[in-house]
Amino acid sequence: RAFDGLLDDEELRLVPLLDMLQHSDEPNIRHATNKGQVDIHARSAITAGSELMNTYNEQLPTWKYFTRFGFVPGKNDVSVRELLQAKDPIFFEARATAEV
């Protein structure tokens, strides 16, 4: 996966370490760029052996998480198949019903 906006030139960059981190709505790390490098900092104390958790992109519409990352945040208790079968609004736009 390529990350954009990491440097001032706005080109896409590959950052393999960030791809290895799992998504969380409450991440325990943050990343920032510094002179062409990506620095990762703890948001708070992290216990030894704990998994580093990142947020993938807070600005994406929910449905795009599935097409880019293969999951839908906040829907861990239901499968994507069930969401599609139920025509969940995450994937299907609500259409106005025609008045009779």
Side-chain angles (χ1 to χ4, degrees):
R1 188 164 48 102
F3 294 81
D4 61 351
L6 291 178
L7 301 174
D8 293 335
D9 60 12
E10 297 298 321
E11 288 186 25
L12 293 175
R13 299 283 192 265
L14 293 176
V15 186
L17 177 64
L18 293 181
D19 271 342
M20 294 171 55
L21 303 178
Q22 296 296 318
H23 170 80
S24 174
D25 291 331
E26 297 178 16
N28 58 8
I29 63 101
R30 64 181 172 79
H31 61 274
T33 58
N34 179 20
K35 300 178 184 173
Q37 300 181 99
V38 177
D39 295 332
I40 297 175
H41 301 274
R43 291 178 180 252
S44 59
I46 300 173
T47 306
S50 295
E51 186 171 8
L52 301 180
M53 304 297 284
N54 192 20
T55 184
Y56 286 178
N57 188 331
E58 297 169 349
Q59 300 166 358
L60 279 180
T62 306
W63 64 270
K64 279 195 174 181
Y65 272 87
F66 178 68
T67 58
R68 290 193 181 180
F69 308 119
F71 73 97
V72 179
K75 296 288 187 175
N76 298 337
D77 58 335
V78 62
S79 73
V80 171
R81 181 180 191 165
E82 291 170 318
L83 294 172
L84 292 170
Q85 287 175 335
K87 296 199 183 296
D88 191 286
I90 291 172
F91 297 109
F92 298 91
E93 292 182 21
R95 296 184 186 212
T97 56
E99 291 185 26
V100 181

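Keep in mind the model is a prediction, meaning the values are calculated, not measured. Counting begins at 1 with the first residue of the sequence.
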Self-check item: Criterion side chain to side chain contact (heavy atoms under 4.5 Å, CB included) on N28 and R43, from CA distance to verdict
Solution: CA-CA 5 Å; N28 58 8; R43 291 178 180 252; 5.5 Å; no
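- Taking 4.5 Å as the limit, some side-chain heavy atom of I29 sits within range of a side-chain heavy atom of I46.
- Side-chain heavy atoms closer than 4.5 Å link hydrophobic residues (I, L, V, M, F, W, Y) into clusters, and following such links, even through other members, never connects I40 to M53.
- Residue Q85 qualifies as enclosed at atom CD: its count of foreign heavy atoms under 6.0 Å is above 12.
- A donor-acceptor contact shorter than 3.5 Å links the side chain of S79 to the backbone of E82.
- The shortest side-chain heavy-atom distance between H23 and T55 falls under the 4.5 Å cut-off.
- One finds the CZ atom of R30 at 11.5 Å from the CG atom of N54 (value rounded to the nearest 0.5 Å).
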